[in-house]
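In what follows, a single structure is set out as structure tokens and then discussed.
Source: prediction; values computed, not measured.
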Amino acid sequence: MSEFTIRRATADDSKRLTRLVRTSRAYRGDYAGMVAGYQVGGAYIEHHPVFVAVDASDRVLGFYALLVEDAELDLAFVADSAQGLGIGRLLMEHMAGQARAAGLTTVRVVAHPPAEEFYLRTGAVRTGTVPPSGHIHWDRPELRYDLA
């Protein structure tokens, strides 16, 4: 695995994070509508703890966004080309550290169905199912990271 760093995202990262979300192969086919037009905006990045994994050339390898007020992991993505390198696991470990530092004891995740196994492998437990709503026409697994 090449060297990489996890750093706080800035509004300047908005376009690259948006591109990572929109081009993720996990959101093709039936799931494409979920990210069509989605934007990781600068204001969102500045308001929430968003952390990005970058390589030595500042290429985005992955990121996550934590909603501290809701104790929820809102976004977590690893670039298709960087999957299988342990970056997602390290991002989740980093997220857990940030959540603990913010005083959280649990973090909720409403997962994209194909990502459920990843969350389970990184220590989350399944707590239920979120039914379809809005433009999402499928059940989503609900999970929780216990941080205490």
Side-chain angles (χ1 to χ4, degrees), residues 1-36 38-42 44-130 136 138-148:
M1 176 169 62
S2 63
E3 296 280 324
F4 69 93
T5 303
I6 297 175
R7 64 166 172 77
R8 181 79 186 242
T10 68
D12 290 340
D13 293 313
S14 174
K15 287 183 182 178
R16 296 188 302 162
L17 301 186
T18 296
R19 184 171 36 256
L20 194 157
V21 170
R22 289 184 185 178
T23 62
S24 172
R25 71 174 168 238
Y27 287 88
R28 293 190 180 140
D30 291 342
Y31 298 121
M34 193 170 177
V35 296
Y38 193 88
Q39 183 174 350
V40 183
Y44 177 91
I45 292 169
E46 295 296 329
H47 182 71
H48 299 290
V50 179
F51 286 86
V52 60
V54 295
D55 66 12
S57 301
D58 202 41
R59 181 175 61 108
V60 173
L61 305 174
F63 77 99
Y64 74 85
L66 179 64
L67 305 181
V68 173
E69 303 83 14
D70 299 322
E72 185 169 347
L73 180 67
D74 190 37
L75 300 168
F77 282 83
V78 174
D80 293 342
S81 64
Q83 290 186 9
L85 302 177
I87 293 166
R89 178 174 295 281
L90 291 174
L91 284 169
M92 291 305 95
E93 289 172 4
H94 189 274
M95 179 277 301
Q98 291 295 311
R100 281 187 197 99
L104 302 179
T105 57
T106 64
V107 173
R108 177 180 186 242
V109 180
V110 177
H112 179 49
E116 179 178 13
E117 286 302 315
F118 164 77
Y119 291 115
L120 293 171
R121 284 193 314 271
T122 58
V125 294
R126 182 144 187 189
T127 58
T129 302
V130 175
I136 300 170
W138 52 87
D139 288 339
R140 291 172 292 156
E142 180 178 32
L143 303 105
R144 181 186 70 236
Y145 285 100
D146 291 315
L147 307 175

Residue pairs passing the salt bridge (Lys or Arg N to Asp or Glu O under 4.0 Å) test where at least one lies in residues 80-105, sequence neighbours excluded: none
Determine the minimum heavy-atom distance between Ala53 and Ile87, stating which atoms define it. CB-CG2, 3.9 Å
Are the side chain of Glu142 and the backbone N or O of Val109 linked by a donor-acceptor pair below 3.5 Å? no
Is any side-chain heavy atom of Phe63 closer than 4.5 Å to one of Val54? no
Please report the shortest heavy-atom distance between Val68 and Pro49, naming the atom on each side. CG2-CG, 3.6 Å
Does Tyr38 reach the side chain of Leu75, with side-chain heavy atoms less than 4.5 Å apart? yes
When you look at Leu61 and Val78, which way does the side-chain contact (heavy atoms from CB on, under 4.5 Å) test go after all the steps? CA-CA 6 Å; Leu61 305 174; Val78 174; 5.8 Å; no
If I take atom CG from residue Leu104 and atom CG from residue Leu147, how far apart are they, to the nearest 0.5 angstrom? 7.0 Å
Using side-chain heavy atoms (C-beta onward) and a distance below 4.5 Å, is Ile6 in contact with Leu91? yes
Gap separating the CD atom of Gln98 from the CG atom of Leu66, nearest 0.5 angstrom: 8.0 Å
Among residues two or more places apart or on two chains, list those pairs meeting side chain to side chain donor-acceptor pair (under 3.5 Å) that have a residue in residues 66-76. Tyr44-Asp74, Glu72-Arg108
Minimum heavy-atom separation for Val50 and Ala65, please, with both atom names. CG2-CB, 3.8 Å
Tyr64: ring pair (Phe, Tyr, Trp, His ring centres under 6.0 Å) partners, not counting sequence neighbours: Phe51, His94
The criterion is side-chain hydrogen bond (donor to acceptor under 3.5 Å, both in side chains); which residues satisfy it with Tyr119, sequence neighbours excluded? none
Please identify each residue that fulfils side-chain hydrogen bond (donor to acceptor under 3.5 Å, both in side chains) with Ser24, with sequence neighbours left out. none
For residues Val125 and Leu143, determine if any side-chain heavy atom of one lies less than 4.5 Å from a side-chain heavy atom of the other. no
By side-chain hydrogen bond (donor to acceptor under 3.5 Å, both in side chains), Arg7 pairs with (sequence neighbours left out) Asp13, Asp58
Report yes if the side chains of Val21 and Val40 come closer than 4.5 Å at any heavy-atom pair, otherwise no. yes
Taking only residues two or more places apart in sequence or in another chain, which ones pass salt bridge (Lys or Arg N to Asp or Glu O under 4.0 Å) with Asp146? Arg144
Can you tell me how far the CZ atom of Arg22 sits from the CD atom of Gln39, to the nearest 0.5 Å? 6.5 Å
What residues form a side-chain contact (heavy atoms from CB on, under 4.5 Å) with Ala79, not counting sequence neighbours? Leu20, Ser81, Ala82
Gln83 vs Arg25 side-chain heavy atoms within contact, under 4.5 Å: yes
Does Pro114 have any side-chain contact (heavy atoms from CB on, under 4.5 Å) partners at least two apart in sequence or in another chain, and if so, which? Tyr31, His112
I need the minimum non-hydrogen distance between Ser14 and Gly41, along with the two atoms involved. OG-CA, 3.6 Å
Quick one: side-chain hydrogen bond (donor to acceptor under 3.5 Å, both in side chains) partners of Thr129, sequence neighbours excluded? Arg126
Indicate the atoms forming the closest heavy-atom contact of Met92 with Ala76, along with that distance. CE-CB, 3.9 Å
Check the pair Arg59, Phe4 against side-chain contact (heavy atoms from CB on, under 4.5 Å), reporting the backbone distance first and the verdict last. CA-CA 9 Å; Arg59 181 175 61 108; Phe4 69 93; over 6 Å; no
Exercise: identify the closest heavy-atom pair between Ser57 and Asp55: N-OD1, 2.9 Å
Counting N and O atoms only, with roles assigned by atom type, does the side chain of Thr10 sit under 3.5 Å from a partner on the main chain of Asp12, one being a donor and the other an acceptor? yes
